[in-house]
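Here's the structure we're looking at; comments come further down.
Start at 1 and go down the list; that is how both ligands and their atoms are numbered. Since the model is a prediction, treat every value here as computed from it, not as a measurement.
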Amino acid sequence: MEVKNQPIAIQISEQPLRYNPEAIAHKFDSNKIRVIKRWLEILLPIISFAAQWWWYRIIRLKPHIKHHHLAIKLRQHLTNLGTAYIKVGQALSTRPDLLPTVYLDELTKLQDELPAFPTKIAHQFILEELGAAPQEIYAELTELPIAAASLGQVYKGKLKTGEIVAVKVQRPDLADKIALDLYILRVLTVWLEKRFSKIRTNLVAILDELGARLFEEMDYIQEGNNAEKFASLYSNITDIYVPKIYWQYTNRRVLTMEWIQGTKLTHISEINAQGINARHLVEVGIQCTLRQLLEHGFFHADPHPGNLLAMENSKLAYLDFGMMSYIEPYQRYALINALVHIVNRDFTALIQDYIDLDFLPPDVDVAPVRGALTTLFNDALTSNVAELNFQVIIQKLSELMYEHSFQVPAYYALIIRALVALEGIAMKIDPDFKVLVSAYPYVAKRLLTDPAPELRKS
Ligand SMILES: Nc1ncnc2c1ncn2[C@@H]1O[C@H](COP(=O)(O)OP(=O)(O)OP(=O)(O)O)[C@@H](O)[C@H]1O
């Protein structure tokens, strides 16, 4: 029987997968044994971490050595605890308002080192989600996954109509396991907030935001929609490519998309060996990032080099649209204004930008923050734009934000992560590559030509 690109019997779920803390609490309140078992698995590393912290205090270890060791331990514990904790750690790694820099640096190394699950289970999922056995849908499908990541694993396949595809299948019981971990973490954060009234940050809100994000990431229909929205906004940029989604063969836990033949930007030497100009790809990536952040606001929040592929025709392909974020127009304008105020060294105005962006409360004691910002940016700006290194500025700014109790909104943390990832790639290609120099003409042009009243003042 010939199967054309026609819908087979799939039951696309009507409601998108949503994080609902009340429903989760309701579910696990009546399953105490499971909750207690998981609590024990979590408590053990917490106790071990606390004991180590206490020991280092007793032996009066030098603070920087102490925190360095503790940060490594924290990363190891989170890795062992599984997907939800790896994601929590990755989210924390972008939050200079919550953790000192030494912890941020260590947590950015968190990798999703999870083993693959059996292909038999993946086949079962395909049957359940798409309503037909894999051999009825795909003419070919690799026996083993070509990649195993935190939420799912990816097979290479071929449709009966001949198109080469990537088939992403979600890990078994993922939603259930993550829900249980989020439930426990929420109990813990509510307790922490009650117990330590000094904590100013709304930890429960941060956790709920992360939960919402994780649930979105677990819904491959949402990911497919994100990919299409991203394509509609940015694939008109020269040399940007976004894989096509095959909706007929996609559901919540199975995603079928166009296979991208390419080399990850983690393998720069291979890219060069193929005669592809890696520098050009970075320039393209920078232009695309600027359009995402400053023009449409819809941005890829996880553009690490493993999610970017150099194609043989010198195009840059984006993968993995599970984690996207959005910046409101007023936030975009405030960011551009902040940039202008930094360049003009107008730190009083810069503090007002931070207040407008809700980083600082309106009643903040301005003088010490202005003093710290002045020192930081005067140091940084004595070098000309060509010498500015983004990573260094961000690191200093992170320290300042931690010391002066800034509240960093999640979207800002994700922007920084995206920019630092991009600069990291650029500097691997050429240690002297200046992202800011490449970005400057675009920002200048926006300032000169954008009719928005919010920018006209600047
Ligand atoms: N369309 C595609 N074409 C070719 N390879 C792909 C494609 N999609 C995914 N892959 C491969 O599978 C890997 C994992 O895919 P992806 O990053 O989408 O999974 P994930 O579970 O969302 O991972 P993460 O842990 O980053 O969230 C990619 O790094 C890439 O090697």
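At a heavy-atom distance under 4.0 Å, only side-chain atoms of Leu319, from C-beta outward, approach ligand 1.
Partners of Asp105 under the salt bridge (Lys or Arg N to Asp or Glu O under 4.0 Å) rule, at least two apart in sequence or in another chain, do not exist in this structure.
In terms of N/O distances under 3.5 Å, ligand 1 is not approached by Val154. No N or O atom of Glu223 sits closer than 3.5 Å to an N or O atom of ligand 1. Taking any N or O of Lys264, backbone or side chain, at least one lies under 3.5 Å from an N or O belonging to ligand 1.
Atom numbering of ligand 1 starts at 1 in the shown order; those under 4.0 Å from a heavy atom of Ala147 are 12 (O), 13 (C). Below 4.0 Å from some heavy atom of Gly306 lie the following atoms of ligand 1, by number and element: 29 (O). Those atoms of ligand 1 that come under 4.0 Å of a heavy atom in Gly152, given as number and element, are 21 (O). Listed by number with element, the atoms of ligand 1 under 4.0 angstrom from any heavy atom of Asn307 are 17 (O).
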- Query: Under the side chain to side chain contact (heavy atoms under 4.5 Å, CB included) criterion, do Thr250 and Trp247 qualify, and how do the steps go?
  - Reply: CA-CA 5 Å; Thr250 292; Trp247 285 112; 4.1 Å; yes
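Residue nearest to atom 8 (N) of ligand 1, selected from Lys168, Gln170, Met257: Met257 (by heavy-atom distance).
Put simply, the side chain of His304 gets close to the backbone of Gly306: a donor and an acceptor are under 3.5 Å apart. Not one N or O on the side chain of Asp219 forms a donor-acceptor pair closer than 3.5 Å with the backbone of Arg252. A donor-acceptor pair is defined here as one N or O able to donate and one able to accept, closer than 3.5 Å; such a pair exists between the side chain of Asn277 and the backbone of Arg279.
Just one of Glu217, Glu216, Glu209 meets the salt bridge (charged side-chain N to carboxylate O under 4.0 Å, His left out) condition when paired with Arg213; it is Glu209.
Electrostatic pairing of Glu223 and Lys168 counts as a salt bridge here, judged by a charged N lying under 4.0 Å from a carboxylate O.
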